[in-house]
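Here the structure comes first, spelled out in structure tokens, and everything after it is commentary.
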Protein chains: 2
Amino acid sequence: MPRPPSGADTREPAIARQDDTVNAIPTTDANATPTVNATSIDADEPWMRGLHADTGYLLYRLGLRSGQLFNTSLQESGLRLRHYAVLRFLATGEGALQRELSTRLGYDPSAIVGLVDDLEKLGFAERRPAPDDRRSRIVVLTENGRAFLRGTDAAGLRVTNELLAPLDQQERATLHALLLRIAEDGLN
Amino acid sequence: MPRPPSGADTREPAIARQDDTVNAIPTTDANATPTVNATSIDADEPWMRGLHADTGYLLYRLGLRSGQLFNTSLQESGLRLRHYAVLRFLATGEGALQRELSTRLGYDPSAIVGLVDDLEKLGFAERRPAPDDRRSRIVVLTENGRAFLRGTDAAGLRVTNELLAPLDQQERATLHALLLRIAEDGLN
DNA sequence: GAGCAATAATTGTTGACGTCAATAGTTGTT
DNA sequence: AACAACTATTGACGTCAACAATTATTGCTC
């Protein structure tokens, strides 16, 4: 049983397709690669461009690397990137419902449960009953959690620095701005 | 036994406490949060910035989204992003050793095995014995594989377009250039 | 020319992760 | 009082990355 990549992701994430620029195809494929030689068939055929020609793939790959860097930098603290994300989110406000964490961070509600469990176990966060709705729990940072964030802030910056090493300050700023535009688009 | 954040990715199972910075007590939180009020403590403290202030985290998150988009766009073909990556890599050259695929694409050798298995099963690629080293296998694109790439190229472009929707052509170019610089740094 | 370290492909295992379905407790509405 | 919608939670399934171990093979060395 190989790997029939059957259903997985989900239902139609509202793919707003737009062929606007798809039409703008090269049209320069004169040589139809008769034989399979030519050590490096330069990208005169769109479908044989290198992967790095694709911004989407670059994002995918750099995202992986970024996540890995974050995780290794966090590993001695016993947390993972997702815990860190929750902590950082909690630090921006005044505590949040688990539901809120789920939608804002993009994690499944069932994932939030485990993450908050871990954070609670480490004393970095607490669940408190919501006063107005007994179904909800409000998750708040503890003083320990704040201290932890203070302590790992430098490490976080170091990771970002390492990742963006080849860029100067100016370029980092524009990169960040561009990424932010994309991220906010999808209501992340 | 929910999820003790113990050993996972690598060694260092230790939960590891860190008192180092715990001593570095606030100094600016005059109000020791006696209650849980104070609607929004503005980001005058670096460690309570929003997550989106971190380029690394943005990359991580957008990488996820990019991967998902790619996968959903590919799912009807029975392949996943990683298969597509292999195909695209094969298309750039003249076939490759599995070892080569592993190092260049950044996947574990054991992952390559399954990927090539699937591609072979679909008739998109073939394993051939390497003439000079009987340990190695050379993986080559079949004509079917080429046809498949031609067919899905438009879909790939559509995905990238959707992802980068909020950016105009100029901005996409600079984003791509910046990402490429980063990617090539780590020898991807 | 027989041993021996290194290497390529492979198998198997483990933990993290995303998705989905189901359930119990709760809320608001009718 | 009944019912639909919602929150947190549990459990299951499949994908995926990271490793360890194994087999076949190579190249080196003594």
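Order of the sequence lines fixes the chain letters, A, B, ..., with proteins taken first and strands second; residue numbering starts at 1 for each chain. Just the heavy atoms: all of them, side chains too, but no hydrogens, waters or symmetry mates, feed the values below.
- Between B/Ser110 and B/Asp108, the side chains place a donor N or O and an acceptor N or O closer than 3.5 Å (distance only, hydrogens not considered).
- In this entry the distance linking CG of B/Asp118 with P of D/dC16 reads 10 Å, nearest Å.
- Taking atom CG on B/Asp108 and atom P on C/dT13, their separation rounds to 16 Å, with Å as the unit.
- Atom-to-atom, OH of B/Tyr60 to C1' of C/dA16 comes out at 10 Å; the value is rounded to the nearest Å.
- For the 3.5 Å distance criterion, the side chains of B/Asp54 and A/Thr160 qualify, holding a donor opposite an acceptor.
- Mapping A/Ser136 and A/Gln68 onto DNA chain D via the closest heavy atom, the residue that lands nearer the 5' end is A/Ser136.
- Panel note: side chain B/Thr152, backbone B/Phe148; a donor-acceptor pair is recorded below 3.5 Å.
- In the set C/dG18, C/dA8, C/dT26, C/dG18 carries the atom at the smallest distance from any side-chain atom of A/Arg82.
- Taking atom CG of B/Asp133 as the reference point, atom C1' of D/dT23 lies 14 Å away to the nearest angstrom.
- For B/Ser110, the listed nucleotide lying nearest its side chain is C/dT11; candidates were C/dT11, D/dA8, C/dA9.
- Contact annotation: A/Arg134 reaches the phosphate of C/dT27 (side-chain N/O to OP1 or OP2, under 4.0 Å).
- Picking from C/dT27, D/dT9, C/dT10 the nucleotide with the shortest atom distance to the side chain of B/Val113 gives C/dT10.
- Listed pair B/Arg137 / C/dA8 fails the phosphate criterion, with no side-chain N or O lying under 4.0 Å from OP1 or OP2.
- Note on B/Arg80: a side-chain N or O is less than 4.0 Å away from OP1 or OP2 of D/dC16.
- Between the CG atom of A/Leu97 and the C1' atom of C/dT27 there is a distance of 14 Å, given to the nearest Å.
- Among C/dT10, C/dG18, D/dT26, the nucleotide with an atom closest to any side-chain atom of A/Tyr107 is C/dG18.
- In this structure, the CD atom of B/Glu120 is 14 Å from the C1' atom of C/dT10, given to the nearest Å.
- In terms of hydrophobic clustering, with Ile, Leu, Val, Met, Phe, Trp and Tyr side chains grouped at heavy-atom distances under 4.5 Å, B/Tyr107 and B/Leu97 are assigned to different clusters.
- Mapped onto DNA chain D by nearest heavy atom, A/Gln98 and A/Leu64 fall at different nucleotides, with A/Gln98 at the one closer to the 5' end.
- Going from atom CG of A/Leu81 over to atom P of D/dA18 covers 14 Å, rounded to whole Å.
- Straight-line distance from the CD atom of B/Gln75 to the C1' atom of D/dT15: 14 Å, rounded to whole Å.
- Side-chain atoms of A/Gln75 and A/Arg80 include no donor-acceptor pair closer than 3.5 Å.
- Between C/dT10, D/dA8, C/dG25, one nucleotide has an atom nearer to the side chain of A/Arg135 than all others, and that is C/dG25.
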